[in-house]
Amino acid sequence: VKQVDLLGRLRDLVGGDALLTTADDKSPFLVDHRHLFHGAALAVVQPASTDEVSRLLALCNGVGIGVVPQGGNTGYCGGATPDASGRQIVLSLRRMDRIRSVDAANFSLVAEAGCTLAAVQAAADDAQRLFPLSLGSEGSCQIGGNLATNAGGTAVLRYGMMRDLALGIEVVLADGSVISALSPLRKDNTGYDFKGLMIGSEGTLGIITAACLKLFPQPRSVATAWISVPDPAAAIAVLGRLRDASADRVASCELVPQSALDLVLAQMPGARSPGTTPAPWYLLIELTSSGNDDLDPLLESALAGAIEAGDALDAAIARSGEQRDDFWRLRESIPESQRRAGGSLKHDISVAVAAVPALIERGARLAADLVPEGFLVAYGHAGDGNLHFNVNQRPGTDPVTFRSREPALQRAIHDLVATMGGSFSAEHGIGQLKVGELERYAQPAELAAMRAIKQALDPNGILNPGKVLRGSAL
Ligand code: FAD
Ligand code: MLT
Ligand code: ZN
């Protein structure tokens with residue numbers, strides 16, 4: 001089909017307002033939030049219903065047009081950015097933003113893919129329930145994007161990743177057929193697990209249009225501590241002690257190095273120091289319970305034990321909601337403060353929790369050797385073994401030399417992680433950024449199975465071409 005005919009058919013399908021074709025209108029959809037990936041597109045289409053998505057895919061499949069789904073565009077791997085050909089279309093889910101139903105008795109709700117994570121959390125809250133996924137980007141990322149990337153975040157230790165939080169899913173396949181599996185069943189062993197396959201597939205196997213999500217009782221009691229620790233091994237010991245002492249009520253355990261705290265205090269207006277003894281490392285730990293428990297004394301006595309054992313140096317327990325929010329703001333502001341400080345060489349890696357100290361020690365040595373212009377800012381979800389092992393540029397050093405270190409550092413860190421039985425992409429996915437890394441580190445049989453699945457479900461290769469797996473240009 002000629003471009004004009006295709007645009008006309010897309011316009012007929014979604015309506016003129018939902019089809020963006022001018023350079024100005026399209027531009028926000030053609031670059032990722034870090035401005036690392038730039039693309040072009042024939043058009044940005046914003047369907048309002050599953051039926052429109054279905055007809056749109058049937059059309060694109062018929063004429064061989066690549067479709068790049070986009071949610072809140074907060075991803076880190078360029079997965080939502082089209083290629084440079086200008087032949088692909090971006091399918092934005094932003095108009096599909098209805099909460100279809102909330103079932104408090106069943107602890108579930110059904111949300112369309114374009115609902116922001118914050119809107120889903122609010123809908124759960126209105127029903128006196130909790131939707132526990134929690135990310136720094138929650139105001140703008142969408143539930144479809146969270147599912148497509150199998151997002152993690154700060155509550156994985158207690159509640160798991162997105163794959164653990166979905167009961168059902170509605171997906172449109174490449175040919176436009178719809179799998180509607182939104183039932184809230186907790187047990188259903190009838191055939192292959194499509195939901196599990198679609199979650200984490202980054203738009204390469206289907207377009208997620210809605211999901212039935214798992215809700216939980218709301219926490220009634222919360223206790224939060226900012227803890228100074230001498231080293232990562234002590235941090236992991238403190239986590240173990242608190243899990244034991246609290247009957248496993250630790251919901252979050254985030255590791256923050258002094259280098260990250262310094263960046264946040266320097267870059268973020270209004271950031272307040274936690275006031276504990278300065279230390280090379282800190283832990284932000286939160287205990288929650290759905291009962292009316294007094295968690296503060298429990299946390300205090302467990303921390304006193306940790307201080308006596310030498311695993312903790314000092315700790316501050318949040319005495320108000322405001323102080324709790326301050327602690328969390330320090331943690332959540334790390335990525336933005338790193339960006340403001342000039343950007344960083346990023347790695348999103350995981351190992352078994354007990355191996356986190358060894359990973360940091362060995363990784364720090366590699367970073368110091370390979371990037372003399374950098375300093376380490378390794379922080380993150382230590383409670384589940386996931387670190388954002390980033391290296392920032394030292395002020396006054398040459399930015400081009402600093403950037404040129406990236407390939408060698410990445411290779412060394414990812415090889416290290418592989419030898420430690422870990423993952424080179426713990427929670428941010430593959431997108432276009434890590435396609436080569438997947439080829440390097442996945443088992444050949446695994447890669448072959450992935451390619452076979454892709455071929456079976458998307459034989460014309462129209463769904464997010466070139467993402468996750470190398471593909472023919474569409
Ligand atoms: P997008 O960026 O729009 O898309 C991501 C991928 O999903 C792309 O491949 C896209 O094609 C595909 N996709 C999007 N919607 C659909 C759909 N409906 N159907 C099929 N495919 C689709 N991530 C974490 O896991 N943990 C964190 O702690 C975390 N913290 C963050 C903090 C900040 C400040 C920022 C900016 C990002 C953070 N992220 C984190 C990364 C990001 O927010 C998540 O990966 C999020 O899940 C992406 O959602 P999105 O809607 O923005 O997706
Ligand atoms: C986080 O946990 O803060 C993010 O996943 C990492 C990042 O934004 O770089
Ligand atoms: Zn993270």
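Start at 1 and go down the list; that is how both ligands and their atoms are numbered. Because the structure is a prediction, the values reported are computed rather than measured.
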> Does His381 put an N, O or S atom under 2.8 Å from the Zn ion (ligand 3)?
Replying inline: yes
>> Can you name the atoms of ligand 2, numbered from 1 with element, that are less than 4.0 Å from a heavy atom of His381?
In response: 2 (O)
> Where is the nearest protein heavy atom to atom 50 (P) of ligand 1: which residue, which atom, and how far?
Replying inline: Gly72 N, 3.4 Å
>> Is the ring pair Phe216/Tyr159 parallel, tilted or perpendicular, if the boundaries are 30 and 60 degrees?
In response: perpendicular
>> Within the structure provided, determine whether Lys467 and Glu202 are in side-chain contact (heavy-atom separation under 4.5 Å).
In response: no
> For Asn464, does its backbone N or O pair with a side-chain atom of Thr204 as donor and acceptor, under 3.5 Å?
Replying inline: no
>> Would Pro335 count as being in polar contact with ligand 1, using the rule that some N or O on each side must be under 3.5 angstrom apart?
In response: no
>> Among Gly144, Gly429, Gly200, which one puts a heavy atom closest to atom 16 (C) of ligand 1?
In response: Gly144
>> Once you restrict to heavy atoms under 4.0 Å, what part of Thr154 touches ligand 1? Side chain, backbone, both or neither.
In response: neither
> Below 2.8 Å, any N, O or S contact between Glu427 and the Zn ion (ligand 3)?
Replying inline: yes
> Is Tyr379 close to ligand 2, meaning an N/O of one under 3.5 Å from an N/O of the other?
Replying inline: yes
> Heavy atoms only: which of Leu147, Thr74, Leu133 is nearest to atom 41 (C) of ligand 1?
Replying inline: Thr74
>> Considering non-hydrogen atoms of the protein only, which is the closest contact for atom 40 (C) of ligand 1, and what is the distance?
In response: His428 NE2, 3.8 Å
>> Return the closest protein heavy atom for atom 31 (C) of ligand 1 as residue, atom name and distance.
In response: Ser137 OG, 3.9 Å
> Who's closest to atom 36 (C) of ligand 1 heavy-atom-wise, of His388, Glu138, His33?
Replying inline: His33
> Between Ile208 and ligand 1, is there a nitrogen or oxygen pair with a distance under 3.5 Å?
Replying inline: yes
> Taking non-hydrogen atoms only, is Thr149 closer than 4.0 angstrom to ligand 1 via side chain, backbone, both or neither?
Replying inline: side chain
> Do Tyr76 and His33 have ring centroids that are under 6.0 Å from one another?
Replying inline: yes
>> Hydrogens and angles aside, do Asp25 and Thr22 bring a side-chain donor and acceptor to less than 3.5 Å of each other?
In response: yes
>> Under 4.0 Å from a heavy atom of Tyr76: which atoms of ligand 2 are those, numbered in the order shown and with their elements?
In response: 7 (C), 8 (O), 9 (O)
>> Does ligand 2 come near enough to Arg331 that some N or O of the ligand is less than 3.5 Å from an N or O of the residue?
In response: yes
> In terms of ring plane angle, is the pair His414 and His347 parallel, tilted or perpendicular, where the classes change at 30° and 60°?
Replying inline: perpendicular
> At a non-hydrogen distance cut-off of under 4.0 Å, which region of Gln338 contacts ligand 2 (side chain, backbone, both, or neither)?
Replying inline: neither
> Nearest protein heavy atom to atom 12 (C) of ligand 1, by residue and atom, and its distance?
Replying inline: Ala148 CB, 3.7 Å
>> Any salt bridge linking Glu254 with Arg331? Criterion: basic side-chain nitrogen under 4.0 Å from a carboxylate oxygen.
In response: yes
> For atom 26 (N) of ligand 1, which candidate among Glu332, Gln70, Glu427 holds the nearest heavy atom?
Replying inline: Glu427
>> Taking 4.0 Å as the limit for heavy-atom contacts, which would you say applies to Ala151 with ligand 1: side chain only, backbone only, both, or neither?
In response: both
>> As an exercise, identify every atom of ligand 1 less than 4.0 angstrom from a heavy atom of Gly206.
In response: 20 (C)
> Hey, which atoms in ligand 1 end up nearer than 4.0 Å to a heavy atom of Asn146?
Replying inline: 46 (C), 47 (O), 49 (O)
> Which residue from Gly75, Gly145, Cys77 reaches closest to atom 15 (N) of ligand 1 through any of its heavy atoms?
Replying inline: Gly145
> Using 30° and 60° as the class limits, which term best fits the ring planes of His388 and His381: parallel, tilted or perpendicular?
Replying inline: perpendicular
> At under 4.0 Å between heavy atoms, which part of Met162 makes contact with ligand 1: side chain, backbone, both or neither?
Replying inline: neither
>> Give the atom numbers and elements of ligand 2 that come within less than 4.0 Å of a heavy atom of His388.
In response: 1 (C), 2 (O), 4 (C), 5 (O), 6 (C)
> Quick one: does ligand 2 sit under 4.0 Å from the side chain of Glu332, the backbone, both or neither, non-hydrogen atoms only?
Replying inline: neither
>> I'd like to know if Glu427 contacts ligand 2, where contact means a heavy-atom distance under 4.0 Å to any ligand atom.
In response: yes
>> Checking a contact table here: which protein heavy atom is nearest atom 9 (O) of ligand 2, and how many Å away?
In response: Lys346 NZ, 2.9 Å
